[in-house]
Amino acid sequence: MKKIIAVLIAAVMLFTVFTACSGDVVKKTNSKLSVVCTIFPEYDWVMEILGDRADDVDVTLLLDNGVDLHNYQPTAEDIVKISSCDMFIYVGGESDKWVDDVLKNAQNPDMIALNLIDILGANAKEERVIEGMQVEEERENEEEHAQETEGKAEYDEHVWLSLINARLFCTRISEELAKLDSENAQTYIDNGGAYVDKLNELHNQFQQEIMETGNINPVLLFADRFPFMYLTDDYGITYYAAFVGCSAETEASFETVKFLVEKVDEFSLKYIMIIDGSTDELAKTVISNTKDKNQQILVLNSMQTVTSADRESGSTYYSIMQSNLEVLKTALS
């Protein structure tokens with residue numbers, strides 16, 4: 001991956017030199033403020049904060065059309081956009097290691113780069129392997145990975161799935177936009193504040209309605225990857241899952257299936273969870289081996305497969321989290 005990024009950066013720099021020699025400078029093609037976001041939640045937060053000024057700002061979403069954060073590789077065009085933008089927002093986890101090299105060679109020295117995990121600081125959570133999770137037997141280039149991560153914590157990247165985190169991120173984004181565009185600073189602060197209030201109300205709704213399910217010890221079981229650690233921790237929900245959130249595994253072992261089946265039976269669960277973009281094959285296998293064999297499958301949306309069509313049809317961070325609450329209420333009832 002590093003070699004690919006190095007080649008792309010070299011190509012971009014060569015293009016920069018060539019165009020500079022021919023009298024053209026690589027920079028924004030207009031005077032619009034430009035913001036580049038890696039994932040859908042960041043993009044949607046920015047659009048909410050911009051409000052009526054959205055058409056006056058050039059906002060780019062890199063991981064469009066359902067591209068997963070863990071599989072994304074920037075193109076030369078992406079690197080050019082990042083290099084010259086005014087604000088770049090990214091998650092900052094293991095999947096974003098490519099960002100360091102891109103930022104080192106950025107053409108805009110005044111760019112504001114927002115790393116979500118850095119914004120969380122001490123509240124960022126390390127990736128957690130719990131009982132029953134299937135750990136990848138081996139990692140490609142294990143020695144190189146060990147050298148890169150020596151002494152560094154590997155954080156769970158799915159920070160956007162906590163409304164508590166989202167409030168913090170949106171406040172910071174509105175503050176930084178205000179710095180970039182002082183003429184419209186109050187608009188960004190006001191819009192950001194109003195949106196944070198909405199997120200806070202939804203957070204309170206999650207707390208109240210999960211409590212009102214009457215489930216004293218709520219338990220979720222995912223026959224899938226599990227990217228919802230931040231969300232479940234926020235509301236005291238116990239969980240079991242086949243794989244960690246960033247796992248590349250697709251096939252569950254006999255031991256993993258057996259463990260999940262035993263947990264379904266132990267807690268008399270009526271629902272098996274999967275995430276957006278996944279197949280339900282493992283869930284069906286688990287169900288077919290339980291005592292009751294009548295569990296239903298529910299999908300909890302991690303916002304990792306949101307497409308442009310979804311956005312055009314009105315999907316937002318807020319609406320998806322509202323839908324997730326309805327799914328949780330059903331799953332925990």
Test item: [X] and [Y] side chains (from C-beta on) under 4.5 Å apart, heavy atoms:
X: Tyr230; Y: Leu120; result: yes
X: Tyr235; Y: Met211; result: no
X: Gln296; Y: Thr330; result: no
X: Asp86; Y: Val57; result: no
X: Tyr155; Y: Lys125; result: no
X: Tyr271; Y: Val327; result: no
X: Val219; Y: Tyr240; result: yes
X: Gln322; Y: Leu325; result: no

Heavy-atom count around [X] [atom1] within 6.0 Å, excluding the residue itself: above 12?
X: Glu326; atom1: CD; answer: yes
X: Asn294; atom1: CG; answer: yes
X: Lys291; atom1: NZ; answer: no

Within the distance-only criterion (no hydrogens, no angle test), does the side chain of [X] pair as donor or acceptor with the backbone N or O of [Y] below 3.5 angstrom?
X: Asn165; Y: Val159; result: yes
X: Gln107; Y: Asn105; result: yes
X: Asp118; Y: Leu114; result: no
X: Ser278; Y: Ile274; result: no
X: Ser174; Y: Thr171; result: yes
X: Glu262; Y: Phe259; result: no
X: Lys32; Y: Asp55; result: yes
X: Asp156; Y: Glu126; result: no

Tell me the closest heavy-atom pair linking [X] and [Y], and the distance in Å.
X: Ala252; Y: Val257; answer: CB-CG2, 4.0 Å
X: Gly236; Y: Pro218; answer: O-CG, 3.7 Å
X: Met303; Y: Asn301; answer: N-OD1, 2.8 Å
X: Phe206; Y: Met321; answer: CZ-O, 3.3 Å
X: Ile287; Y: Gln295; answer: CD1-O, 3.4 Å
X: Ser162; Y: Asp234; answer: OG-OD2, 2.6 Å

When you compare the side chains of [X] and [Y], does any donor N or O come within less than 3.5 Å of an acceptor on the partner?
X: Thr316; Y: Ser319; answer: yes
X: Asp181; Y: Asn184; answer: yes
X: Thr307; Y: Asp310; answer: yes
X: Thr256; Y: Ser253; answer: yes
X: Thr305; Y: Asp276; answer: yes
X: Asp190; Y: Thr187; answer: no
X: Gln304; Y: Ser302; answer: yes
X: Thr290; Y: Asp265; answer: no
X: Glu212; Y: Gln208; answer: yes
X: Glu157; Y: Ser95; answer: yes

Go through the steps to decide whether Leu33 and Leu180 satisfy the test side-chain contact (heavy atoms from CB on, under 4.5 Å), and finish with yes or no. CA-CA 8 Å; Leu33 193 69; Leu180 285 171; 3.9 Å; yes
Joint hydrophobic cluster, [X] plus [Y], side-chain heavy atoms closer than 4.5 Å:
X: Ile320; Y: Met273; value: yes
X: Val196; Y: Trp160; value: no
X: Ile164; Y: Tyr195; value: no

Euclidean distance, [Y] [atom2] relative to [X] [atom1], rounded to 0.5 Å:
X: Tyr90; Y: Leu103; atom1: OH; atom2: CG; result: 5.5 Å
X: Thr285; Y: Leu260; atom1: OG1; atom2: CG; result: 10.5 Å
X: Lys329; Y: Asn215; atom1: NZ; atom2: CG; result: 14.5 Å
X: Ile117; Y: Asp96; atom1: CD1; atom2: CG; result: 8.0 Å
X: Ile237; Y: Leu328; atom1: CD1; atom2: CG; result: 5.0 Å
X: Ile189; Y: Ile49; atom1: CD1; atom2: CD1; result: 9.0 Å

Does a side-chain N-to-carboxylate-O contact under 4.0 Å join [X] and [Y]?
X: Glu266; Y: Lys263; answer: yes
X: Glu175; Y: Arg172; answer: no
X: Arg311; Y: Asp64; answer: yes
X: Asp233; Y: Arg128; answer: yes

Using the ring pair (Phe, Tyr, Trp, His ring centres under 6.0 Å) rule, pick out the option among Tyr318, Phe169, Tyr188, Phe40 that qualifies with Trp45. Phe169
I'd like to know whether Glu255 forms a salt bridge (Lys or Arg N to Asp or Glu O under 4.0 Å) with Lys258, so could you lay out the CA-CA distance, the side-chain angles of the two residues, the decisive distance to 0.1 Å, and finally the verdict. CA-CA 5 Å; Glu255 290 77 13; Lys258 181 173 179 289; over 6 Å; no
May I have the step-by-step check of side-chain contact (heavy atoms from CB on, under 4.5 Å) for Val306 and Tyr317, ending in yes or no? CA-CA 10 Å; Val306 178; Tyr317 174 84; over 6 Å; no
Aromatic ring pairing Phe222/Phe226, orientation class (parallel under 30°, perpendicular over 60°, tilted between): perpendicular
Give the C-alpha distance, both sets of side-chain angles, the deciding distance and a yes or no for side-chain contact (heavy atoms from CB on, under 4.5 Å) between Met229 and Glu127. CA-CA 9 Å; Met229 184 176 72; Glu127 191 172 68; over 6 Å; no
Before you tell me yes or no, could you show the steps for Asp56 and Arg53 under salt bridge (Lys or Arg N to Asp or Glu O under 4.0 Å), namely the whole-Å CA-CA distance, both residues' side-chain angles and the distance that decides it to 0.1 Å? CA-CA 5 Å; Asp56 300 315; Arg53 285 196 45 74; 3.4 Å; yes
When you look at Glu77 and Val80, which way does the side-chain contact (heavy atoms from CB on, under 4.5 Å) test go after all the steps? CA-CA 5 Å; Glu77 182 182 0; Val80 170; 5.7 Å; no
